[in-house]
Asker: 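Please read through the structure below; I'll follow up with questions.
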Amino acid sequence: MTPMTLNGTPITVDAAPTELLVNVLRDDLGKTGTHIGCDTSQCGACNVLMNGEPVKSCTILLAQAEGAAITTVEGLAEGGKLHPMQAAFKEEHGLQCGFCTPGMIIAGIGIAERHGAGVDDATIAHELEGNLCRCTGYVNIVKAIRKGAADMGAGA
Amino acid sequence: MNIVKPASVADAVSAAKAVAGSGGDVAYLAGGHTLIPAMKARLRDPEQLVDLAALDDLRGIIEADGRLWMGAMTRHRDVAEQAGRIPALTEMALLIGDPQVRNRGTLGGALANNDPAADYPAAALALEAVIETDRASHAAADFFQGMFFTALEDGELIRRVGFRIPKRAAYAKFRHPASRYALSGVFVAELDEGIWRVAVTGCGQEGVFRWPEAEEALATGTDIASVTPPAASLMSSDIHASAEYRAHLCTVMLAQAAQGLQ
Ligand SMILES: Cc1cc2nc3c(=O)[nH]c(=O)nc-3n(C[C@H](O)[C@H](O)[C@H](O)COP(=O)(O)OP(=O)(O)OC[C@H]3O[C@@H](n4cnc5c(N)ncnc54)[C@H](O)[C@@H]3O)c2cc1C
Ligand code: FES
Ligand code: FES
């Protein structure tokens, strides 16, 4: 049994400790918002927050998440209100098919936290190196993250 | 596959020894950002993983004896944020993978793995790093012994690594556009007045190597544009880049690093 906090709720997980975290989240815990886009740790569709930092859940074993606070895209909204980064993706049309979106939003939150509300487009583009969008909607993704970061800074 | 999370270096080493002694395949698990992809690709299939995550004395950065000492479990992110005493190292750390990789990957894992396209081996060789393990102290010059091959014995655990604090240094890297690994990475350091080291990663058939002609040019103030490129016969050649192209990239990266010395 592996204890962790999932989207703010303490839980214990009954799964093999050497299972990939992404499989546990999707198959055992029903958090299918976390996607699997590759098997080479390159696409970022599986990003989750681990103790507040974005990580690739396809490249982490359940045992490595023991005692950690994991936040998936399902855990971002509060009381029915979208997280500012989610809202910004909606407003700026930062998604097309939506497959990469949960990972982009999680990466965007990490970018906002490290670079602050005034983060510029070049920095955002550079920081998105670990996220692939097959619909290639990068222009609006960068815009959405810029707005999301500004709104997070404003406490929206 | 089993996993244990020992609370001390001694316990980690004996956990590894116990499995290896009975002929089993065992691996230390640091950030897992090389090992787990290798397991997913069925290139590795250890029966026992020894997770180093609880070994807090393998973390942290201190300065002593003209060196910056970093624990093996220091993540690339921590180096980027905390190793400002050697700006070239923070710069190099920020060029590894992407933010998610840097949140997990560690110095010890990068050195133990000695990927021919990894960045740390170039920094370690140029900054004459000392690699301290549970049983020995290795000079970087003897540590890297060819692609994915190091002086580490079975079960030998890296504890910390000491990089010489140079007068100035810089790292320039031509990144593979998909993997972010180096197609050519050149680490340039002036260790003492007039003493230069130039180490090249991403290119060599035998992994990281020093480039004496470039060191000589920097020491004598010769125009680096005229430096002889590393011999194409020493370069790896693959679908990503031919040997000749890699050799040329080295001269371009050398010039870029020499421009950015700090
Ligand atoms: C998408 C992606 C992009 C990447 N891009 C780059 C890049 O641009 N440049 C680059 O240099 N690297 C890159 N990497 C590799 C990354 O930096 C790895 O994290 C690093 O090489 C290995 O560190 P780790 O902590 O993840 O090691 P692990 O995967 O945990 O371990 C790697 C190996 O080292 C051994 N080991 C780990 N710690 C120790 C120790 N203390 N003592 C002895 N043996 C130990 C393990 O048993 C294993 O064999 C990338 C990885 C990914 C997934
Ligand atoms: S599924 Fe994790 S990086 Fe692609
Ligand atoms: S919106 Fe389709 S993959 Fe990014």
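Being a predicted model, the structure only gives us computed values, none of them experimental.
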Asker: Measure distances from A/E127 to the heavy atoms of chain B and classify the residue's part below 4.5 Å as side chain, backbone, both or neither.
Answerer: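 Contact with chain B is through both the backbone and side chain of A/E127.
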
Asker: Measure distances from A/I60 to the heavy atoms of chain B and classify the residue's part below 4.5 Å as side chain, backbone, both or neither.
Answerer: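 Both parts, backbone and side chain.
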
Asker: Under a 4.5 Å heavy-atom cutoff, which of A/D39, A/L61, A/N131, A/L128 has the most pairs with chain B?
Answerer: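 The candidate making the most pairs under 4.5 Å is A/L61.
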
Asker: Does any backbone or side-chain atom of B/L35 lie under 4.5 Å from a heavy atom of chain A? Answer side chain, backbone, both or neither.
Answerer: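 No part of B/L35 comes within 4.5 Å of chain A.
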
Asker: For A/L132, which atoms come within 4.5 Å of any heavy atom of chain B: side chain, backbone, both, or neither?
Answerer: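 Neither part, no heavy atoms under 4.5 Å.
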
Asker: What option among B/A53, B/P37, B/G97 has the most heavy-atom pairs under 4.5 Å with chain A?
Answerer: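 Answer, by heavy-atom pair count under 4.5 Å with chain A: B/P37.
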
Asker: Determine, for B/R175 against A/E129, whether the closest basic-nitrogen to carboxylate-oxygen distance falls under 4.0 angstrom.
Answerer: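 Salt bridge flag = yes for A/E129 with B/R175.
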
Asker: So, A/T123 versus A/D120: side-chain donor-acceptor pair below 3.5 Å or not?
Answerer: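 Yes, a side-chain donor-acceptor pair sits under 3.5 Å.
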
Asker: Taking 4.0 angstrom as the limit, do B/R75 and A/E53 come out as a salt bridge?
Answerer: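 Yes, B/R75 and A/E53 are salt-bridged.
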
Asker: Let's test your reading of the structure: which of B/M39, B/M1, B/E81 forms the most heavy-atom pairs below 4.5 Å with chain A?
Answerer: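 Among B/M39, B/M1, B/E81, the one with the most close pairs to chain A is B/M1.
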
Asker: Does a donor on one side chain sit under 3.5 Å from an acceptor on the other, for A/E66 and A/T2?
Answerer: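 There is no such pair between these side chains.
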
Asker: Answer yes or no for A/R134 and A/F99: cation-pi contact, defined as NZ/CZ to six-membered ring centre under 6.0 Å and angle to ring axis within 45°.
Answerer: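 That pair qualifies as a cation-pi contact.
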
Asker: Identify which of A/A16, A/G110, A/C58 forms the greatest number of heavy-atom pairs closer than 4.5 Å to chain B.
Answerer: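 Max contact count across the listed options: A/C58.
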
Asker: Check the pair B/R180 / B/D98 against salt bridge (Lys or Arg N to Asp or Glu O under 4.0 Å), numbers first and verdict last.
Answerer: CA-CA 8 Å; B/R180 310 298 175 199; B/D98 57 60; over 6 Å; no

Asker: For each of B/L94, B/L29, B/D51, B/V101, tally heavy-atom pairs with chain A at distances under 4.5 Å, and name the one with the top tally.
Answerer: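 Result: the option with the highest number of such pairs is B/L29.
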
Asker: In terms of ring plane angle, is the pair B/F174 and B/Y245 parallel, tilted or perpendicular, where the classes change at 30° and 60°?
Answerer: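 Because their plane-to-plane angle is over 60°, the rings of B/F174 and B/Y245 count as perpendicular.
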
